[in-house]
**Q** 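Sharing a structure here in structure tokens format.
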Amino acid sequence: MLTLYNYFRSSTSYRVRIGLNYKNIPYQQKGVNLVKGEQWAEDYCEMNPQGAVPVLVFDDGYVLTQSLAILDYLEETYPGPSLYPEGAKQRAFTRQIALIVSCDVHPVNNLRVLKYLTANLGISEEEKTKWYQKWIYDSMASIEIMLNKSPYHTKGEYCCGPAPTLADMCLIPQVYNARRFNCDMSRFPLIEAVEKKCLEHPAFMKADPHSQPDTPEELRKAATA
Ligand SMILES: N[C@@H](CCC(=O)N[C@@H](CS)C(=O)NCC(=O)O)C(=O)O
């Protein structure tokens, strides 16, 4: 059985959970509490010297880090529904969205960056939230325009056609995180419609940060209240 080292509300972990669920690959989870700094434990850094989640460990001991590398490996080695649509242009559009989230937005809003801003550069909590929201709003505005212009997107459907793709698997966890930082997502109606569609899909529902083995009890209750 595969083992996913992850954290319930880490968006990169959430991406991989959705992908595993979507491809119907069984896995067990081990929680790595990022707030407590468990990503920096010596034995964890043996697996991932970057001190980050997710890490996926295979039955033969093969250890893989980086959510997009993990998802692409699953795509290449497991049967089941593809994480990409048919057609080179459609696949390129899928990567375009996935890469905006994973290369342009997530890195500047990562926990270690936010911590550095407050702990080392003396930025206040309020300024930190402004920083977070700035990069979310810029990137979501671009994605909204791209969805609007794309011949491959229909309002109320997934990012790129009638089935979920890597684009949705990156976008939805980032939207989840944006809401945690009080970003006003109603500015982006197409993205909100994609979110609504995705959250009805079992692969996304099962990956919900509020129902993972390491989700704290109080958040579990808040989610179902
Ligand atoms: N590019 C990496 C990023 C991994 C990453 O930084 N994950 C975050 C959680 S979403 C993390 O573990 N942060 C720990 C920290 O910043 O200390 C990926 O896609 O897997």
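Every number for a ligand or one of its atoms is a count from 1 in the order of the listing. The chain is numbered in sequence order, starting from 1.
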**Q** Report the nearest protein non-hydrogen atom to atom 15 (C) of ligand 1: residue, atom name, distance rounded to 0.1 Å.
**A** Arg112 NE, 3.6 Å

**Q** Measure the spacing between SG of Cys198 and CD of Glu157 and express it to the nearest 0.5 Å.
**A**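 Separation between the atoms: 10.0 Å.
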
**Q** Taking a cutoff of less than 4.0 Å between a non-hydrogen atom of the residue and any ligand atom, is Arg15 in contact with ligand 1?
**A** yes

**Q** Any idea which protein heavy atom is nearest atom 5 (C) of ligand 1, and the distance to it?
**A**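 The answer is Val53 O, 3.5 Å.
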
**Q** Of all the non-hydrogen atoms in the protein, which one sits nearest to atom 13 (N) of ligand 1, and at what distance?
**A** Asn110 OD1, 3.2 Å

**Q** Can you label the angle between the Tyr158 ring and the His201 ring as parallel, tilted or perpendicular, going by 30° and 60°?
**A**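 Ring orientation of Tyr158 relative to His201: perpendicular.
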
**Q** Between Leu34 and ligand 1, which part of the residue brings a heavy atom under 4.0 Å of the ligand: side chain, backbone, both or neither?
**A** side chain

**Q** Got the closest protein heavy atom to atom 17 (O) of ligand 1, with its distance?
**A**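 Here the closest protein heavy atom is Gln39 NE2, 2.9 Å.
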
**Q** What atoms of ligand 1 come within less than 4.0 Å of a heavy atom belonging to Ser11?
**A** 10 (S)

**Q** Measure the CG-CZ distance between Leu111 and Arg9 for me, rounded to the nearest 0.5 Å.
**A**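 Those atoms lie 9.5 Å apart.
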
**Q** Classify the angle between the aromatic ring planes of His210 and Tyr176 as parallel (below 30°), tilted (30 to 60°) or perpendicular (above 60°).
**A** perpendicular

**Q** Which of the numbered atoms in ligand 1 are under 4.0 angstrom from any heavy atom belonging to Pro54?
**A** 20 (O)

**Q** Assess, by modelled atom type and distance only, whether the side chains of Gln29 and Asn6 contain a donor and an acceptor separated by less than 3.5 Å.
**A** yes

**Q** Salt bridge check, Lys130 against Glu127: does any charged N sit closer than 4.0 Å to a carboxylate O?
**A** no

**Q** So which protein heavy atom does atom 20 (O) of ligand 1 come closest to, and at what separation?
**A**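 In this structure, atom 20 (O) of ligand 1 has Ser67 N, 2.8 Å as its nearest protein heavy atom.
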
**Q** With heavy atoms only and a cut-off of under 4.0 Å, state how His106 meets ligand 1: side chain, backbone, both or neither.
**A** side chain

**Q** Pick one of side chain, backbone, both or neither for how Lys115 approaches ligand 1, counting any non-hydrogen atom pair under 4.0 Å.
**A**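 Near ligand 1, Lys115 shows nothing, with every heavy atom at 4.0 Å or more.
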
**Q** May I ask you to check if ligand 1 and Ser10 share an N or O to N or O distance below 3.5 Å?
**A** no

**Q** Measure the distances from the heavy atoms of Ser102 to every atom of ligand 1 and state whether one is below 4.0 angstrom.
**A**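 Outside the 4.0 Å threshold, so no.
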
**Q** Return yes if a side-chain donor-acceptor contact under 3.5 Å exists between Asn21 and Tyr27, otherwise no.
**A**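 Checked: Asn21/Tyr27 side chains pair up, N/O donor to acceptor below 3.5 Å.
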
**Q** Using a strict cut-off of 4.0 Å, indicate which atoms of ligand 1 neighbour a heavy atom of Leu111.
**A** 15 (C), 16 (O)

**Q** Do Glu126 and Thr129 pair up side chain to side chain, a donor and an acceptor below 3.5 Å, judged on atom types alone?
**A** no

**Q** Looking at Glu192 and Arg179, is any side-chain nitrogen of the basic one under 4.0 Å from a carboxylate oxygen of the acidic one?
**A**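 Yes.
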
**Q** Considering only non-hydrogen protein atoms, determine which one is nearest to atom 1 (N) of ligand 1 and report residue, atom name and distance to 0.1 Å.
**A**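 The answer is Gln66 OE1, 2.7 Å.
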
**Q** Decide whether Gln50 and Gln66 meet the rule of one side-chain donor and one side-chain acceptor closer than 3.5 Å.
**A** yes

